[in-house]
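Structure first, commentary second.
Quick caveat: nothing in here was measured; it's all calculated off a predicted structure. Letters A, B, ... mirror the listed sequences (proteins, then strands); counts begin at 1.
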Amino acid sequence: MYDFLEREFFEQPTLEVSKNLLGKILLFNQLQGIITETEAYIGYDDPACHAAKGKTKRNQAMFERAGFSYVYMIYGMYFCLNIVTEKKDFPAAVLIRGIKLINVNKILNGPGKLCKELGINKEHNQLDMINNQQFSILNNNVKFPFEATPRIGITKGKENLWRFIVKVK
DNA sequence: GAATAGATCCGC
DNA sequence: CGGATCTATTCA
């Protein structure tokens, strides 16, 4: 019923992908959720980007082709889900921070809670989400008004308004 | 090998 | 605001 997003969608500039992902549907196994909050992490000049200083074992998924997943553990207890953007070997990704579950009246606000609830873990790192029936993004053909704010939880790069959140009224 | 910071969350 | 909890990365 919904279209799967093509790889070209994720090959756009990361800020554009971050905004355009709002309202799209995250599909993970049988669960679906409307994306309500995202953050952009972009390349070598973004001090908050995990890969700002180059490739490591943890961040290598960020160097994959656009449309791959980047899942990592944070604070010893939570996983965070990102979707890689732009060109292969350029480290950039969009952090999925919030979704509204479909068919269940539940809002998952926060990247750690979201992954815990869906069951996303390190096994789901560096997977291709294009043409993937279990783990992908669907086009909802809906646009929501949103606002841009500083990203959450970072110590460097706060001046960039690279967090995008659907405005609710 | 040790130290430490970290894209979080919850409860007080 | 602190504690939980742990790992990848950095430092010595």
Requested in this report: Look at atom CD of Glu159(A) and say whether more than 12 heavy atoms of other residues, nucleotides or ligands are closer to it than 6.0 Å.
Outcome: yes
Query raised in the report: Got a sec: does the CG of Asp89(A) have more than 12 other heavy atoms crowding it under 6.0 Å?
Result: yes
Report summary line: Rounded to whole Å, NZ of Lys122(A) lies from P of dC6(C) at a distance of 12 Å
Query raised in the report: Are the side chains of Arg97(A) and Thr38(A) in touch, meaning some heavy atoms are under 4.5 Å apart?
Result: no
Query - Any side-chain heavy-atom pair of Phe10(A) and Leu21(A) under 4.5 Å - result: yes
With [atom1] as the reference atom in both, quote the distance from [N] to [M] in angstrom, rounded to an integer.
{"N": "dT7(C)", "M": "dG11(B)", "atom1": "C1'", "value": "25 Å"}
{"N": "dA5(B)", "M": "dG2(C)", "atom1": "P", "value": "15 Å"}
{"N": "dC10(B)", "M": "dA8(C)", "atom1": "C1'", "value": "25 Å"}

Contact summary for [X] and [Y], nearest pair of heavy atoms:
{"X": "Leu95(A)", "Y": "Cys80(A)", "result": "CD1-CB, 3.8 Å"}
{"X": "Val84(A)", "Y": "Glu64(A)", "result": "CG1-O, 3.4 Å"}
{"X": "Ile152(A)", "Y": "Glu39(A)", "result": "N-OE2, 2.9 Å"}

I'd like to know if the side chain of [X] reaches the main chain of [Y], judged simply by a donor and an acceptor atom lying under 3.5 Å from each other, with no hydrogens or angles considered.
{"X": "Glu37(A)", "Y": "Gly110(A)", "value": "no"}
{"X": "Asn29(A)", "Y": "Leu31(A)", "value": "no"}
{"X": "Asn82(A)", "Y": "Tyr70(A)", "value": "yes"}

Requested in this report: Taking side-chain hydrogen bond (donor to acceptor under 3.5 Å, both in side chains) as the test, write out the residues that go with Asn109(A), two or more places apart.
Outcome: Lys113(A)
Requested in this report: Examine His124(A) together with Phe28(A) and report whether their ring centres are nearer than 6.0 Å.
Outcome: yes
Query raised in the report: When you check every protein heavy atom under 4.0 Å of nucleotides 7-12 of chain B, what one-letter string (B, S, -) results, 5' to 3'?
Result: BBSS--
Dump every N/O contact between nucleotides 10-12 of chain C and the protein below 3.5 Å, one line per pair.
none

Report summary line: Numerically ordered, the residues 10-21 of chain A set in heavy-atom contact under 4.0 Å with DNA chain B is none
Report task. For DNA chain C, just give me the dot-bracket, please: Watson-Crick or G-U, both distances below 3.5 Å, ( ) intra-strand, [ ] crossing earlier pairs, | paired with another strand, . unpaired. Result -> ||||.||||||.
Query - Summary of salt bridge (Lys or Arg N to Asp or Glu O under 4.0 Å) pairs that have at least one residue in residues 140-154 of chain A, sequence neighbours excluded - result: Asp46(A)-Arg151(A)
